[in-house]
Novice: 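Once you've had a glance at the structure underneath, I'll fire off some questions.
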2 protein chains.
Amino acid sequence: MASATVEDYLKHIYLLEQADMDNPVAMGRLATTVGVAPGTATAMIKTLANAHLVDYEPRGGVRLTSTGQQMALHVVRRHRLVELLLVEVLSLDWSLVHHEAEQLEHAISDIVLEKIDALLGYPTVDPHGDPIPTAKGHLKYVQPVSLTDCKPGQQGRIARVSDQDTQFLQFAERHRLTPGMGITIDAYDKYGDAVTVSPKHCDSVTLGTNAASKIFVALSKKS
Amino acid sequence: MASATVEDYLKHIYLLEQADMDNPVAMGRLATTVGVAPGTATAMIKTLANAHLVDYEPRGGVRLTSTGQQMALHVVRRHRLVELLLVEVLSLDWSLVHHEAEQLEHAISDIVLEKIDALLGYPTVDPHGDPIPTAKGHLKYVQPVSLTDCKPGQQGRIARVSDQDTQFLQFAERHRLTPGMGITIDAYDKYGDAVTVSPKHCDSVTLGTNAASKIFVALSKKS
DNA sequence: ATTTTTATTTTGTCTATCCAAAATTCCGGT
DNA sequence: ACCGGAATTTTGGATAGACAAAATAAAAAT
């Protein structure tokens with residue numbers, strides 16, 4: 001059984017790989033996200049490499065092996081299911097949930113985990129809209145699509161807001177159109193040049209296709 | 001913040017003190033219940049004594065200081081609330097809960113703990129009938145009273161069955177009148193010489209006062 | 001092509017926790 | 001008063017994980 005420390009390294013490597021298009025993860029980056037000195041990370045990575053959980057080229061970065069990825073996904077699953085449990089069942093403020101789950105993810109057995117999964121109705125996304133891997137470590141990969149490519153009724157979460165303009169970002173922020181937010185597409189009026197969407201728990205917004213094209217959504221599986 | 005290891009030592013010292021009428025806890029006993037070699041326990045106890053969490057006389061055993069006891073109670077509270085959560089909310093088989101809670105008790109923050117407490121309706125006993133310390137570390141000590149001293153409507157858990165007769169013990173066993181079991185007093189008919197009680201989740205039983213006088217109950221606070 | 005900067009790896013230490021086995025102390029039986 | 005065994009403490013050593021600071025390699029800038 002992997003220690004909590006090892007689990008943390010694996011999880012962070014996984015998340016960093018994801019966030020950087022599957023490129024190998026640089027040591028410095030890993031060290032700071034795990035929260036240790038660089039030398040510490042190097043040492044740990046060597047032992048992970050010995051255990052065949054990562055592939056490691058000195059000065060070339062790390063990347064998970066398939067065994068390592070499997071384990072990482074298992075940690076991520078625990079993390080996200082716990083987050084959801086804390087929000088949905090214990091009504092914990094969602095800003096606190098991530099931090100709490102950070103501890104709990106290492107203390108949940110498989111048996112308890114499956115009970116949580118069942119209690120929550122086998123959810124597919126956590127409170128941030130991030131996908132929850134299945135027990136077998138499968139993750140539904142969703143290529144984000146522009147809002148202009150969505151159809152009414154679809155649901156998903158905002159994956160990216162591709163504009164650097166402060167005004168636009170502030171507008172998006174004001175209407176809760178921020179990455180991670182779960183949204184529903186209410187209407188798409190091609191001729192009226194407008195898309196109406198509802199961010200979860202917030203008022204709906206109508207955007208021109210021009211603006212809508214800058215917002216990318218990861219759709220949930222068929223709703 | 002105390003490490004999980006330290007928390008475990010404190011918890012076990014507390015439980016052993018309780019189980020042995022507040023006598024100081026012998027090293028060997030402590031070592032085996034914590035699951036370490038005797039020398040390891042001695043070493044740890046020295047550091048706990050330095051931190052003023054225990055009083056320690058070489059070869060005289062250990063006993064918690066009031067600070068140590070406070071911390072131990074906090075761990076016990078987490079343990080027992082988690083057990084109850086697992087049973088009541090996640091419907092985990094109760095034979096598994098103790099083991100699971102053993103891990104989780106070290107990963108629950110105060111915030112989450114109070115949410116659990118609230119969700120469960122501020123319970124006073126765990127699934128085994130053991131009392132749950134309050135957030136401030138108070139434990140309602142309940143002097144067990146004979147069933148013949150109970151009034152209808154009262155609830156509690158069986159503390160003791162004071163008879164050595166096998167027949168009687170088997171009778172008690174059959175009707176789930178075993179130590180730790182939570183029960184409700186349904187009726188007490190003084191003139192009919194009978195007490196009727198319902199063990200939790202089981203059929204009610206009616207006992208003559210003769211038998212009832214042999215069964216001692218730790219009553220929950222006013223229900 | 002050098003020099004400078006930055007990232008990474010090494011090296012030497014530290015703490016917490018554990019074990020095994022030797023040394024000690026105490027207690028009951030003679 | 002003495003001895004033997006049980007409990008306890010010491011001693012010596014191991015492992016996981018972490019840091020700081022020196023050494024090195026690679027990348028950038030001149």
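Side-chain atoms are counted along with the backbone in the values below, which use heavy atoms only and exclude waters and symmetry mates. In the text below, chain A, chain B and the rest are named by the order of the sequence lines, each starting its count at 1.
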Novice: Below 4.0 angstrom, which residues in residues 43-58 of chain B have at least one non-hydrogen atom near DNA chain C?
Specialist: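 B:Met44, in order of number.
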Novice: Decide yes or no on side chain to side chain contact (heavy atoms under 4.5 Å, CB included) for A:Val197 and A:Thr184, but give the supporting numbers first.
Specialist: CA-CA 6 Å; A:Val197 301; A:Thr184 306; over 6 Å; no
Novice: Tell me whether the OP1 or OP2 atom of C:dT10 has a side-chain N or O from A:Thr42 closer than 4.0 Å.
Specialist: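 No, A:Thr42 has no side-chain N/O under 4.0 Å of OP1/OP2 on C:dT10.
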Novice: Can you check the B:Leu30 CG to D:dT8 P distance for me, whole Å?
Specialist: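 It is 10 Å, rounded to the nearest whole Å.
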Novice: Between A:Thr5 and A:Asp8, is any pair of side-chain heavy atoms under 4.5 Å apart?
Specialist: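 When only atoms from C-beta onward are counted, A:Asp8 and A:Thr5 do not touch, as no gap falls below 4.5 Å.
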Novice: Using atom CZ of B:Arg29 as one end and atom P of D:dT9 as the other, report the distance to the nearest whole Å.
Specialist: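 From B:Arg29 CZ to D:dT9 P: 16 Å.
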Novice: Take the protein atom CE of A:Met27 and the nucleotide atom C1' of C:dT10, then report the distance between them rounded to whole Å.
Specialist: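 My rounded result for the distance is 13 Å.
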Novice: Would B:Val6 and B:Leu48 count as a side chain to side chain contact (heavy atoms under 4.5 Å, CB included) if you check the C-alpha gap in whole Å, the side-chain angles of each, and the deciding distance to 0.1 Å?
Specialist: CA-CA 8 Å; B:Val6 166; B:Leu48 294 185; 3.8 Å; yes
Novice: Under 4.0 Å between a side-chain N/O of B:Tyr9 and OP1 or OP2 of C:dC18, yes or no?
Specialist: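 Answer yes for this pair, as a side-chain N or O of B:Tyr9 is under 4.0 Å from OP1 or OP2.
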Novice: Report yes if some heavy atom in the side chain of A:Asp20 is under 4.5 Å from a heavy atom in the side chain of A:Asn23; otherwise report no.
Specialist: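 A:Asp20 reaches A:Asn23 side chain to side chain.
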Novice: Once you apply a heavy-atom cut-off of 4.0 Å, does A:Gly39 come out as touching a base, just sugar-phosphate, or nothing?
Specialist: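 Base, at least one base heavy atom under 4.0 Å.
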Novice: Distance-only criterion, 3.5 Å: show the donor-acceptor pairs between side-chain atoms of residues 25-33 of chain A and protein atoms not counting sequence neighbours.
Specialist:
from, atom 1, to, atom 2, distance (Å)
A:Thr32, OG1, A:Gly28, O, 3.3
A:Thr32, OG1, A:Arg29, O, 3.0
A:Thr33, OG1, A:Arg29, O, 3.4
A:Thr33, OG1, A:Leu30, O, 3.2

Novice: So B:Thr40, base contact, sugar-phosphate only, or nothing? Heavy-atom distance under 4.0 Å.
Specialist: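 If one applies the 4.0 Å heavy-atom cut-off, B:Thr40 turns out to touch a base.
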Novice: Where the side chain of A:Val36 is defined as all heavy atoms beyond and including C-beta, which of C:dC18, D:dA18, D:dT9 is the nearest nucleotide?
Specialist: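 In terms of side-chain proximity for A:Val36, the closest of C:dC18, D:dA18, D:dT9 is D:dA18.
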Novice: Filter on side-chain hydrogen bond (donor to acceptor under 3.5 Å, both in side chains), then keep only pairs touching residues 59-82 of chain B, sequence neighbours left out; what's left?
Specialist: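 As it turns out, the side-chain hydrogen bond (donor to acceptor under 3.5 Å, both in side chains) pairs with a partner in residues 59-82 of chain B, which skip direct neighbours, are B:Glu7-B:Arg78, B:His74-B:Arg78, B:His74-B:Asp110, B:Arg77-B:Glu114, B:Arg77-B:Asp117, B:His79-B:Glu83, B:His79-B:His98, B:His79-B:Glu105.
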Novice: Scan A:Ala26 against the nucleic acid and name what it touches under 4.0 Å (heavy atoms): base, sugar-phosphate only, or nothing.
Specialist: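 Sugar-phosphate: the residue A:Ala26, judged by heavy atoms under 4.0 Å, touches backbone atoms but no base.
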Novice: Is the closest basic N to carboxylate O distance between B:Lys115 and A:Glu100 below 4.0 Å?
Specialist: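 Here B:Lys115 does not pair with A:Glu100 in a salt bridge, since their nearest N and O are not under 4.0 Å apart.
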Novice: Nearest to the side chain of B:Ala37, heavy atoms from C-beta on, is which of C:dC19, C:dC18, D:dG17?
Specialist: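 The listed nucleotide nearest to B:Ala37's side chain is C:dC19.
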Novice: From CZ of B:Arg59 over to C1' of D:dG5, roughly how many Å is that when rounded to an integer?
Specialist: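 Value for this atom pair: 14 Å.
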